[in-house]
Structure formats: C-alpha cells, structure tokens
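Order of the sequence lines sets the chain letters (A, B, ...), proteins ahead of strands, with each chain counted from 1. All values below were derived from every heavy atom in this structure, side-chain atoms included, with hydrogens, water molecules and symmetry-related copies excluded.
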2 protein chains.
Amino acid sequence: MTKPRSRRGGGRPTIGDVARKAGVGAITVSRALREPERVSQDLRRQIQAAVDELGYVPDPNARALASARADVFGVLVPSLTNNVFAEVVRGIYDSLSDGPFRVQLGNTHYSGLEEERLLQVFAPQRPAALIVAGIDQTPTSRKLLESAGCPVVQVMETGPDPVDMLVGFSHFDGGRTATEHLIEAGYRRIGFIGARMDPRSQRRLAGYRAAMEKAGLFDPRLITTTPLLSSVTLGHELFRDALAKMPALDGVFCNNDDIALGVLFECHRAALDVPKTIGIVGFNDLEMMQAAFPPLTSIRTPRYEIGRRAVAMALAAITGQRPEQRIVDLGFELKPRESTAR
Amino acid sequence: MTKPRSRRGGGRPTIGDVARKAGVGAITVSRALREPERVSQDLRRQIQAAVDELGYVPDPNARALASARADVFGVLVPSLTNNVFAEVVRGIYDSLSDGPFRVQLGNTHYSGLEEERLLQVFAPQRPAALIVAGIDQTPTSRKLLESAGCPVVQVMETGPDPVDMLVGFSHFDGGRTATEHLIEAGYRRIGFIGARMDPRSQRRLAGYRAAMEKAGLFDPRLITTTPLLSSVTLGHELFRDALAKMPALDGVFCNNDDIALGVLFECHRAALDVPKTIGIVGFNDLEMMQAAFPPLTSIRTPRYEIGRRAVAMALAAITGQRPEQRIVDLGFELKPRESTAR
DNA sequence: CCCCTGTTTGGTAGCGCTACCATTCTCCTG
DNA sequence: CAGGAGAATGGTAGCGCTACCAAACAGGGG
C-alpha cells in the first residue's frame with residue numbers, strides 16, 4: 001500500500017507531470033529540454049505544449065544532483081565596489097543571462113587566503129566553469145583550480161602559464177605606455193602614485209620604472225604608495241606627500257583613475273596648472289575621465305569585454321570546442337587628453 | 001545482484017561515509033551538522049572528527065532537493081556597476097559570508113519586466129529569502145514575491161505597504177532636505193538635474209518640488225532631466241542645457257553624485273564660481289564628494305548598512321524571530337560642504 | 001514494578017532529475 | 001528477405017540528502 005504522495009516540494013509541476021500530460025516518458029521530456037535535436041519534431045511540440053500549459057520550470061538542484069554537474073559559473077573577484085571589477089562582472093552576467101547558467105559570485109577582498117577559502121567552497125559544487133581574477137593564486141588555490149574538473153578562466157592579466165585559459169592585458173605594458181606618453185609630452189620628473197598595491201598595481205609600477213630607467217629619469221623618491229584601499233581622498237593626500245618629497249615634480253602616473261581624480265582636485269586647490277605645471281595620467285579610463293576639467297589622460301582597459309570573452313571561452317570549452325588560443329590579450333588603449341597636452 | 005556503486009559524483013565523501021567512519025547513522029550526522037544541540041556531546045565530537053578527517057563538505061544540491069529549501073538569498077538590483085547598488089550588495093555579501101547561505105544575484109537593468117523574468121526564475125528555486133530593490137514592482141512581480149513562501153525584504157526606500165519587510169530611507173525627504181539646504185544658504189533659482197529618472201529619482205524630484213513650492217520658488221523650467229543612464233558627462237551636458245534655458249540659475253540639486261561632479265567640472269570650464277555663483281548639491285555622498293574641489297555638499301545615504309540590515313532582518317525571520325518592526329527607516333544625512341557655503 | 005513521558009538515535013522512503021542500458025522501430029545492405 | 005546499423009524512446013536505478021516516523025533508552029510517578 002503506497003502512501004499518497006505528499007509533495008514536499010509544494011506542488012509545483014515536475015518532469016513526471018509534463019511527461020504524463022504529453023503522453024511520453026519522463027526521460028524523453030528531459031532530453032527534449034536539454035538536447036532537442038535528439039527528439040523527434042512531433043514529440044518536441046507536444047512536450048513544449050505541456051511545459052507551457054503546466055508552467056513547468058526544471059529544478060536546478062535535482063538536475064545538479066542527478067548529473068553531478070551544476071549549471072553554475074563560479075566567479076571570484078577582489079572587490080564588488082571597485083568599478084573595474086563591477087564592469088567585468090557585468091560582462092559576465094550579460095553574457096550568461098539568457099542561457100541556463102547561473103552565476104555564483106565570491107568577493108576575495110584582495111586576499112589570497114580568502115580566495116582559497118572560497119575555492120574550497122566553490123570547487124566541490126562541481127561548477128560548469130570558474131572565472132577568477134588575476135594570476136597570482138596561492139599554490140593551494142592553483143591546485144584547487146587545476147583539479148576542479150571544469151574550464152577555468154583567469155582574467156584581467158596576461159601571462160605565460162595560465163591554469164587553463166586567460167583573458168586580459170598587460171599591466172606592465174600599460175604602465176610603461178602611460179609613462180612613455182608623459183615623457184614624450186615633455187615631462188621629466190614624473191611621479192608614480194598608487195594605493196593598495198595588488199599584483200596588478202605592482203606590474204604597472206614595474207612598467208613605469210622600466211620606462212623611466214630607459215629614459216634615464218628614474219629616481220626611487222618619485223614613487224609614493226600606500227597599502228590602503230584606493231580612494232579619491234587618498235589621491236590628493238598621496239600627491240601632497242609626493243610634492244613634499246619632490247617639489248619639482250612635473251607629472252604623475254596614477255595607478256588608477258580615482259587617484260588621478262584626487263590629484264586633479266589637489267592641483268585645483270593648490271592652483272597648479274594642469275597640464276602646464278603638472279601632467280596627469282590615470283589608469284582604466286572610467287567614464288568621468290573625459291568629463292573632467294581638464295579632461296584626464298588615461299589608459300582605457302577592456303573590462304566589460306574581458307568578462308564577455310571569458311564567458312565565451314568557457315562556454316566553448318564546455319561544449320567541447322576548446323578554443324585553440326588559450327591566452328587572449330585584449331590590449332589597452334592610451335587616451336591622450338588635455339591633462340598631458342603641454 | 002546489486003551493481004557496484006559507480007560514484008557518479010566523482011568520489012568525494014558523502015554523509016554516509018562520515019556516518020560509517022563515526023559509527024553512527026547517516027541521519028545523525030545530518031543532525032549533528034544542522035542542529036548540534038539535538039545530538040549528544042560524545043557523538044558530536046566523533047562526527048566532527050570524521051568530518052575533518054574525510055574533508056567532508058555537504059552537497060548543497062542534495063540538501064536543497066531533500067529539504068525543498070535552498071540555502072540561497074535571491075538578490076535583485078537594477079545595476080551592478082552603479083556604486084550605490086554595489087554598496088548594498090557588498091553589505092549583503094559581507095553579512096552572509098560566514099554563514100551557510102549563498103547569494104544569487106540578478107541584474108534587472110532598471111526594467112520591471114526583467115525583474116519579473118528574474119523572479120520567475122528565482123522563486124521556484126525556493127530561496128531562503130529574497131531581497132529586491134525598490135517598492136515599485138509590477139503587479140505580477142508583487143504576486144510572485146507574496147507567494148514565494150520566504151521572507152522578502154525590499155530595500156532602498158520607505159513606504160507604507162511592503163510585501164513583507166522594508167529597509168531604506170525616504171527619497172522624497174532627501175530631495176526636500178537638499179533643496180531646503182540650498183534655499184537656506186540663500187540660493188533662489190535652483191535647478192533640478194537628473195538622469196535615468198527611476199522611481200527613486202522621481203521621488204527625490206517630488207521632494208525638490210515640494211520644497212521649492214513651499215518657498216514660492218518653483219518654476220517647471222528649472223527642471224532638466226533625461227531618460228539616459230546617469231554619467232558625469234551627462235551631468236555637464238544637462239547643466240549646459242539648464243543654463244541655456246535659465247541663464248540666471250544660481251544653484252542645482254543633482255539627482256546623484258555623478259551628475260553633481262559633471263556640473264562641477266562644467267563650472268570650472270565655464271569659470272563659474274562655486275559656491276558664489278552656483279551652489280551644488282549631490283545625492284548619495286560617494287567618497288569623491290568630500291575630496292572634490294571645492295568639496296561638494298551631498299546627502300549621505302546608508303547603502304552598505306541597508307544591505308546588512310536587510311540580511312539581518314531576513315535571517316531573523318528565517319529563524320522564527322520575525323522582527324516586530326517590519327519597516328526600518330535608516331534615514332540619511334545632509335553633509336553641507338563648501339559647494340553650498342555662500 | 002509498570003506505565004508514561006521525554007530524549008536520543010536510527011530506518012525507510014522519497015525529493016526531481018539524469019546516466020545507463022534495453023527496447024523498439026525504421027531503413028539499408030547483400 | 002535475413003541481418004545489421006542507427007535513430008528514437010522508455011525503464012530502472014540511483015545522485016546525496018532530509019522528513020517522517022519508529023525504536024530504544026532513561027527517569028519519575030503511581
């Protein structure tokens with residue numbers, strides 16, 4: 001004597017209900033939904049009608065349990081509020097919004113250990129793919145990524161040895177290009193100002209240094225940094241410090257646009273002419289840079305596109321067409337504006 | 001003849017493995033993990049040891065399937081890149097990071113229909129709670145929220161009639177306070193400049209209007225808006241338009257800080273003295289406002305705190321201690337700065 | 001000493017779906 | 001026309017966990 005089925009789930013239709021209504025087997029419904037080409041035209045139509053009529057929505061949990069594979073993209077970024085990563089995340093969401101995949105977002109707070117912890121949570125859930133920011137994972141994190149059993153895309157940088165796939169651009173080259181631009185514009189005592197010196201910032205700094213050394217202009221006293229989180233306020237404070245150290249400063253390469261904006265405001269406050277007395281270059285080219293007065297030179301980085309491309313590559317790998325180009329360099333673009341037009 | 005178990009899952013330990021190792025029943029392990037107080041001290045220790053030794057991590061999908069309840073907070077916001085919502089989301093993540101709950105984020109792109117679509121995806125997954133931005137859901141969305149069978153927190157606003165719970169502040173009062181501040185500072189021909197006039201912006205505009213009418217200063221030509229997405233560039237363009245319409249403008253209440261920044265830059269460009277010739281007030285008080293030159297007056301809004309509070313209320317409701325205060329008004333704070341110090 | 005209550009533990013039967021294999025039904029080849 | 005390959009469909013048996021109930025055990029009152 002079977003007990004009447006209690007429907008713990010709360011009564012919403014299951015694949016069995018659809019199958020009964022369409023007069024087919026449950027497994028055929030499952031196939032019609034996942035691999036329509038393997039089901040005949042006729043049944044497909046019948047099943048679709050039953051789905052629509054019942055308002056059937058597949059249960060992702062049951063699917064994940066049965067197939068040992070969740071339709072989830074795990075995404076790890078160092079910050080949710082930093083506009084740079086917000087753009088990458090937006091690109092990822094936009095690319096995934098009409099497919100079957102969900103996004104599971106993790107905030108590492110710029111901490112390798114936190115990244116490790118999150119990977120330990122994400123990896124056992126058998127995600128469809130993992131997207132992580134940067135290439136400086138801890139050895140443990142790297143092992144977790146390698147053994148995750150799914151496509152892995154590292155984003156925001158380039159490098160020789162990705163875990164799996166890689167989309168980004170060279171921060172070293174970006175820093176060098178920005179600095180060379182200032183040198184070409186005629187600036188000589190060019191400072192570097194940076195906050196929260198994460199690995200990407202370090203590489204931009206290295207690019208700055210290379211350009212300065214090549215031009216015979218390098219002096220360690222030109223560098224002003226802090227481990228604090230970047231902000232506009234910090235930008236003008238660091239700029240004041242830099243000026244105190246080196247009153248003859250005539251240009252600054254700012255590690256990011258917030259800092260650059262802070263420097264600009266400080267120049268206004270101190271009545272320093274931009275670009276005549278001080279040249280300013282930022283990094284990332286947020287929208288406000290071109291709207292500033294004077295408009296600020298910056299390095300435009302393809303954040304949104306990186307997110308989209310990462311998803312595209314992961315999707316390709318999932319469907320078996322692993323892209324032959326595992327490393328994609330999307331480059332960057334110098335946007336020269338009035339702040340460096342001497 | 002039973003087939004040898006194939007372990008589709010890929011060999012990671014299950015609750016049964018832990019149970020065997022600890023010498024107890026599977027269900028006792030399940031209980032020890034979820035309601036430790038219902039299991040004796042001794043067994044708890046044994047089980048914990050087995051869990052640690054095997055590196056057992058519960059499968060959230062199996063749990064969700066068996067209990068008809070996912071440990072997921074569904075979160076719907078209109079934008080991922082707008083710093084305002086990024087802060088709310090950060091508050092939510094920070095509050096949830098050490099518990100068993102995951103976050104499922106949806107981007108509605110300021111579209112009621114998109115919100116509806118996302119709710120249709122989220123609701124059947126039986127989330128533990130839903131957090132949605134705003135109080136202007138479509139009737140369909142509202143019905144979905146009401147029948148979701150979980151705590152629902154609407155955030156960012158106040159209002160008389162939430163679906164369930166509500167955390168935010170009054171945009172009307174914010175707009176009125178900003179405008180009154182300008183009036184008290186001696187400005188008279190005060191414009192309103194706003195982009196992407198979502199419901200919250202509309203309410204701020206209504207607050208502006210109320211203050212202006214009360215002071216006998218209202219003139220519809222003082223209002224300049226656009227449906228376009230807000231940006232700094234748009235701020236200075238709209239300000240130019242406003243000045244063209246009303247050359248005698250002596251103050252502006254900007255719908256948000258990006259716009260305010262754009263207005264400030266345009267004032268620099270046109271050599272209009274701030275605050276003498278033009279007073280500027282923004283909204284939200286992003287970090288850059290106090291760092292600007294001159295520092296910009298704004299209305300500080302408790303975005304991060306809203307995220308945290310929403311989670312706290314939802315968690316309370318989940319554990320049965322539904323807060324008696326269903327509607328929480330966290331208020332806002334006028335930050336008067338030099339941009340309105342006539 | 002038995003019954004009753006309350007606490008702790010365990011067994012059974014699914015949750016809704018899909019992997020795996022079996023079956024049926026073509027249609028082609030020799 | 002038998003035999004075999006291939007396409008379309010279905011049945012069975014789980015995936016790993018928890019709801020539900022039953023059982024075992026202790027302690028206290030009559």
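With rounding to whole Å, Gln46(A) atom CD is found 15 Å from dA8(D) atom P. Following rounding to the nearest Å, Asn61(B) (CG) and dT18(D) (P) show an atom-to-atom distance of 12 Å. Distance CZ (Arg69(B)) to C1' (dA19(D)): 14 Å, rounded to an integer number of Å. Protein atom CD1 of Ile27(B) is 10 Å distant from nucleotide atom P of dG10(C), rounded to whole Å. With rounding to whole Å, Leu54(B) atom CG is found 14 Å from dG16(D) atom P. In this entry the distance linking CD of Glu37(B) with P of dG6(C) reads 18 Å, nearest Å. If you measure from atom CD1 of Ile47(B) to atom P of dT9(C), you get 8 Å, rounded to the nearest angstrom. In this structure, the CG atom of Asp59(B) is 15 Å from the P atom of dT18(C), given to the nearest Å.
Considering only side-chain N and O atoms, Ser40(A) lies nowhere under 4.0 angstrom from the phosphate OP1 or OP2 of dA7(D). Of the side-chain N and O atoms in Thr28(B), one or more sit less than 4.0 angstrom from OP1 or OP2 of dG10(C). In this model, the phosphate group of dT18(D) is approached by a side-chain N or O of Ser30(B) to a distance below 4.0 Å at OP1 or OP2.
Between the base of dG10(D) and the side chain of Arg31(A) there is a donor-acceptor pair shorter than 3.5 Å.
In this model, no donor atom of one side chain and acceptor atom of the other lie less than 3.5 Å apart for Asp42(A) and Gln46(A). Under the 3.5 Å distance criterion, with hydrogens and angles disregarded, no donor-acceptor pair is assigned to the side chains of Gln104(A) and Gln104(B). Between the side chains of Arg142(B) and Thr138(B), not a single donor N or O lies within less than 3.5 Å of an accepting N or O. Side-chain atoms of Gln137(B) and Gln154(B) form a donor-acceptor pair, as typed in the model, at a separation below 3.5 Å.
Comparing atom distances between the Ser67(B) side chain and each of dG10(C), dT18(D), dT9(D) picks out dT18(D) as nearest. The Ala66(A) side chain lies nearest to dG14(D) when the options are dA19(C), dG14(D), dC20(D).
Positionally, the nearest nucleotide of DNA chain C for Arg38(B) lies more toward the 5' end than for the other of Arg38(B) and Ala62(B). Two residues, Val24(B) and Pro58(A), neighbour DNA chain C, and the one matched to the more 5' nucleotide by heavy-atom proximity is Val24(B).
A salt bridge does not link Arg326(A) to Asp161(A): none of the charged nitrogens lies less than 4.0 Å from a carboxylate oxygen.
Looking at heavy-atom distances under 4.0 Å, Arg34(A) makes contact with sugar-phosphate atoms alone, never a base.
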